Amino acid sequence: MALDVELVKKDFAILDQLVHGHRIVYLDSASSSQKPAAVLDAMQHLYETTYANVHRGVYAIAEESTRLYEEARTKVAAFLGAASTREVIFTKNVTEAINLVAYTWGRTNLGPGDAVLLTEMEHHANLVPWLQLKAERGIELRYLGVDGEGQLILDDLEQLVDGVKLVGLTLVSNVLGTLNPVAEVARVAHAAGALVLVDGAQYTPHFTTRVAELGCDFYGFTAHKMLGPTGIGCLWARESLLEEMPIFLGGGEMIRDVRLDGFTANELPWKFEAGTPPIAEAVGLGAAVDYLLAIGMADVRAHEIELTRYALESLHERHGDDIRIFGPSDPEKRGGVLSFAYKDIHPHDISQVLDEVGVCVRAGHHCAKPLMRRLGVGATARASFYLYNDEADVDALSSALTSADRLFS
Amino acid sequence: MPGLEDLYREIILDHYRNPRNRGELPTPPAVRVEGFNPLCGDEIVVFLDVADDRVQDLRIGGQGCSISQSSASMMSAAVKGKTVAEARATIRAFKSLMSIHEQRLDGADDDGGASGGASGAGGGGGGPAVPEAAVKLGDLEALQGVVRFPVRIKCATLSWNTLAQGLDEAQEASATSPS
């Protein structure tokens, strides 16, 4: 059954309001999504009924709080197709997940001359941790290029991957929307003896995620882009890898024993979760998983394809050569992230004029400055869709662009 | 609620569409300074020719939104031919104009604000200090509407911060040069 947007919208109170006297048109879910009542209620319910710190108290509400926190992990494990909850590490977000890998696996396994292969379309979160290792210990960084359609150039993959210890890439570009052939890259990488780290920030909110089918070794996603709260995300990795890796942050929760002369780390997954975790946020993430599964990820993705197709066609039809939309032209080969240039009006100005009529789009470099340089632009405007967007939202965007044109031409 | 007309005044759009002093200057004798707005990726390049304690010429390069570009254009017109001290006073006066929002947050009263603070930008020699109250901002006052759009203040001040850095570098260069 196709997704009923009108019904979905009722779950998002924030979308039922006027901004500057206009119906709010929220087109910035790639940056952060809105949250349905089910997620807010789950968090509120925890705080009002059974909130206590986890893994510590023996009293009833502490046990219940712990149970709900770990239940969220079970939901996430199933959502990712993980082999066990021991593979699901709660982190702050994808940025922290990647930093965890760079700090622990990276600092154990990468030294001078060791190479890491990334792509030109990575978010800064999958560039800076490796650039830090380059600066600190002289590792070599290589990059897969991006072609004019916004696709990875894989012609030289076998040469580039030769001698590489890790390949890190995004599944869906947060700028271009490009859906990368991660399974294919992972096959070649593994044949060359490299591990594969995948940034799933823009993928997991919109697709059925199966880490085994992707063939990756590390996978990160974040809750706040998939209807959940901020402050919680996840690193998935194969258990054997996680076992070998040294601890990340030290403190409470991650220990089994502490003496004045040393400590013993806790078992997985808590080994990597130092300090009191974001408890209500985990419960909110679990509720977001439930909400998405009730709708069905296949329908979420089908809606995204349909809306992206409508946007690509209608924007080109109305604005012709005045609009340049970056990334793949086939909606099946991309996510619902549309970065665009409109005439020569700066994205900041476009975003400002759109705001006047309640249309929220992102303007800037989207934390992907190397890709901006590759595209030959300083910044782009970006509209991104989720399950609460519909064709009327695309039409509002399209009309607002015409008013921007009137102001600046 | 501030409207777009507060932000995009006609004089601002004119400077955006017809930017003054666009281009480059040979370096040396000019200094070249870059400024970045890490938030949006805007960049401004200021070429600054300072001799005899005076801004003999300047040119603006780079790319950015209408606010950053028009602010840079107006700035170039405002400081070209001025003494270094006058240029620094203009920077202070402009930054005061842009800091009204912060002063309001601090609880300071709206009327008294324009001449306060910002003393840090003035140092580094270049003749006697010029009180910023004596500076006539003229067209630049059209940018005052920007303070009602706090996110855009950084767009408006980007070129001015870059100019301040350029004046420092030009003065350092002249202090160490044999001539």
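Chain identifiers are assigned alphabetically (A, B, ...) following the order of the sequence lines, protein sequences preceding nucleic acid strands; residue numbering begins at 1 within each chain. None of these values were measured; they are calculated from a predicted model.
For residues 22-31 of chain A, a heavy-atom distance under 4.5 Å to chain B picks out no residue at all. Contacts between residues 7-22 of chain B and chain A, counted as heavy-atom pairs separated by less than 4.5 Å, involve B/L7, B/Y8, B/L13, B/Y16, B/R17.
At a 4.5 Å heavy-atom cutoff, the contact between A/V353 and chain B is made by backbone and side-chain atoms alike. Both the backbone and the side chain of A/L407 come within less than 4.5 Å of a heavy atom of chain B.
Legend: salt bridge (Lys or Arg N to Asp or Glu O under 4.0 Å) pairs involving residues 56-78 of chain B, not counting sequence neighbours, sorted by first then second residue: B/D57-B/R59, B/D57-B/K80.
Two residues are said to be in side-chain contact when any heavy atoms from C-beta on lie closer than 4.5 Å; A/H346 and B/D42 meet this criterion.
Taking A/H365 as the reference, nothing meets the side-chain hydrogen bond (donor to acceptor under 3.5 Å, both in side chains) condition, with sequence neighbours excluded.
Atom NZ of A/K92 has 12 or fewer heavy atoms from other residues, nucleotides or ligands within 6.0 Å.
The two residues B/R152 and A/H348 have their closest heavy-atom pair at NH1-O, 3.6 Å.
A/D349 contributes no side-chain N or O that, together with a main-chain N or O of B/C65, makes up a donor-acceptor pair within less than 3.5 Å.
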